[in-house]
Amino acid sequence: MIMEMNIQQHSAVRFFCICLLGVLALASCDNSLPEEGSDSLVIKLRVPDPLEVTTKGGALDGITITNVWVLQYVDADTDGKPRMMTEFKDSQIGGTLANHTILVTTSGFVKENSKFYVLANSGDDFFTADEKNNRNVTEEQLAAKTKSIIIGVTNEPTFLTAKPVSLKKDSIKEDGKAVIVAPLDRAFARVKVEWAKSAGLDAIGQVKMKKIEVTNLPRNMAVYARAGGEIGSKYPDVNGTNMQLTAKSILDYTNDDNSYWEAGQSQNFYMAENIRGMGTATSFADKNKAENGPGGNLEGCTFISLSGTFAYKLSSTSYSDPIDIQYKIYLGGNLMNDYNIQRGYSYELKVYISGANSADVRVTITNGNVAVFDEVQSITNKVDFL
């Protein structure tokens with residue numbers, strides 16, 4: 001089988017934004033703001049754009065904000081605990097404003113050199129009673145906390161987090177107004193799979209795709225990348241409880257003779273990040289070999305199996321008995337040596353079937369935080385795949 005891959009890497013302006021407006025202005029300046037000297041903040045949450053948006057003018061995704069946790073860690077504190085740790089929900093979360101922002105009215109924050117952490121849609125039970133009652137969660141513990149994800153879920157999760165944002169006391173203007181801007185990230189990745197007929201396929205045979213399976217899926221989404229681990233570290237631990245190593249069916253028609261996965265029909269699923277590292281392969285065929293995986297093995301590396309049947313055309317109305325076909329693709333930043341599935345990215349695979357033993361696979365990897373693609377770098381690899 002001949003496999004071809006086109007990867008486009010893009011860099012541009014980030015567009016997922018949460019604006020934390022620390023507002024301590026006089027009521028005469030804006031009657032929606034607290035009085036001078038209060039400890040309140042007005043938080044504006046911007047719902048992130050969908051992963052497939054490629055221009056600034058794209059429509060916003062309909063992610064509903066159900067609850068928001070805001071934690072303030074004061075630089076001068078030595079106990080490692082947040083000075084303030086508050087959940088906001090229900091009537092405290094306002095309606096959608098201009099620029100697709102959501103207003104959250106808060107209180108209890110202090111005007112000190114600090115770092116703010118914001119989590120959206122974590123659920124009421126994200127923190128334990130001890131963590132909530134005693135503010136007993138350090139920044140390191142916060143980064144490592146996780147929220148479960150349904151293995152192979154096909155509906156987009158909504159767990160969103162903002163990286164820590166600093167507030168300096170001397171940055172607050174004389175009128176008491178401070179502005180903090182932080183990017184909002186999805187805590188998961190999307191994988192989009194589609195197959196198509198190559199030119200001339202109908203003249204030589206008939207393909208019926210029946211099944212998609214994905215193997216090695218994390219069970220939980222961490223608050224921050226690698227759960228706060230060092231760059232280059234693997235996450236999650238393959239030997240821990242946060243990894244399902246067995247295959248999960250995304251679509252399965254193998255027991256239904258009358259149903260199959262039609263060409264051009266996209267199948268999506270969402271998964272938590274799976275950071276396995278870099279291997280040593282120089283082609284896709286070599287990427288499937290364990291000795292070329294990160295550290296000389298493929299343990300925990302996510303791969304997709306596409307299965308179906310192929311029947312050779314014998315006449316205008318008849319076909320041979322079908323034979324089984326299967327394509328196995330390791331996901332990652334490329335199809336040669338990168339095995340990392342990063343949060344906030346969309347991995348789009350399109351498989352062009354041209355025969356029983358041949359396919360052309362094109363993969364586009366898009367950073368969900370990119371609004372405008374102003375730099376494009378294409379890499380093409382062709383390999384013999386047996």
Side-chain angles (χ1 to χ4, degrees), residues 1-9 151-152 188-195 209 211-219 226 232-239 242-251 266-308 325-353 357-367 378-386:
M1 180 173 70
I2 303 299
M3 178 164 286
E4 180 179 301
M5 175 191 69
N6 294 319
I7 296 181
Q8 294 181 330
Q9 297 176 323
I151 296 293
F188 50 87
R190 182 185 70 178
V191 180
K192 183 177 181 180
V193 188
E194 180 182 339
W195 81 276
M209 300 300 292
K211 189 175 185 178
I212 304 173
E213 286 185 318
V214 58
T215 303
N216 296 333
L217 289 171
R219 299 179 185 275
R226 296 181 177 85
S233 62
K234 294 183 179 182
Y235 181 82
D237 182 3
V238 173
N239 298 316
N242 188 18
M243 180 71 81
Q244 176 171 306
L245 302 177
T246 56
K248 169 68 178 180
S249 292
I250 304 301
L251 174 149
S266 296
Q267 299 293 334
N268 298 346
F269 69 91
Y270 297 85
M271 60 177 286
E273 66 182 336
N274 189 13
I275 308 300
R276 307 307 336 150
M278 304 294 291
T280 58
T282 57
S283 70
F284 177 79
D286 287 340
K287 188 177 185 181
N288 286 11
K289 299 176 181 178
E291 61 267 27
N292 294 322
N297 65 76
L298 295 172
E299 290 182 342
C301 297
T302 302
F303 65 87
I304 294 176
S305 298
L306 310 181
S307 305
I325 57 175
Q326 185 180 71
Y327 307 106
K328 184 177 180 180
I329 303 170
Y330 276 87
L331 295 179
N334 60 44
L335 292 183
M336 291 184 296
N337 62 354
D338 188 333
Y339 297 85
N340 298 309
I341 311 298
Q342 300 186 62
R343 58 199 283 143
Y345 276 68
S346 175
Y347 296 81
E348 302 182 4
L349 297 84
K350 193 166 187 177
V351 182
Y352 291 84
I353 306 297
N357 300 305
S358 182
D360 169 17
V361 177
R362 300 176 186 176
V363 179
T364 300
I365 301 173
T366 304
N367 185 342
S378 296
I379 305 170
T380 300
N381 299 295
K382 292 186 178 180
V383 300
D384 289 325
F385 170 31
L386 301 178

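None of these values were measured; they are calculated from a predicted model.
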Rounded to the nearest 0.5 Å, what separates atom [atom1] in [X] from atom [atom2] in [Y]?
X    : Y    : atom1 : atom2 : value
T302 : I329 : OG1   : CD1   : 13.0 Å
L349 : L306 : CG    : CG    : 8.0 Å
N268 : L251 : CG    : CG    : 11.5 Å

Is it true that a side-chain atom of [X] and a backbone atom of [Y] form a donor plus acceptor pair closer than 3.5 Å?
X    : Y    : result
N340 : G332 : no
Y339 : N274 : no
K287 : D338 : yes
N337 : M278 : no

Cationic N near anionic O, under 4.0 Å, E213 to K211: yes
For residues K350 and K192, determine if any side-chain heavy atom of one lies less than 4.5 Å from a side-chain heavy atom of the other. no
Residues passing the side-chain contact (heavy atoms from CB on, under 4.5 Å) test with E273, sequence neighbours excluded, are A222, A225, Y235, I275, R343
Between M209 and I325 the two heavy atoms that sit nearest each other are SD-CD1, 4.1 Å
Closest non-hydrogen atoms of S266 and E194, given as atom of the first, atom of the second and distance, are OG-OE1, 3.3 Å
So the salt bridge (Lys or Arg N to Asp or Glu O under 4.0 Å) pairs with at least one residue in residues 288-307 (sequence neighbours excluded) are D286-K289
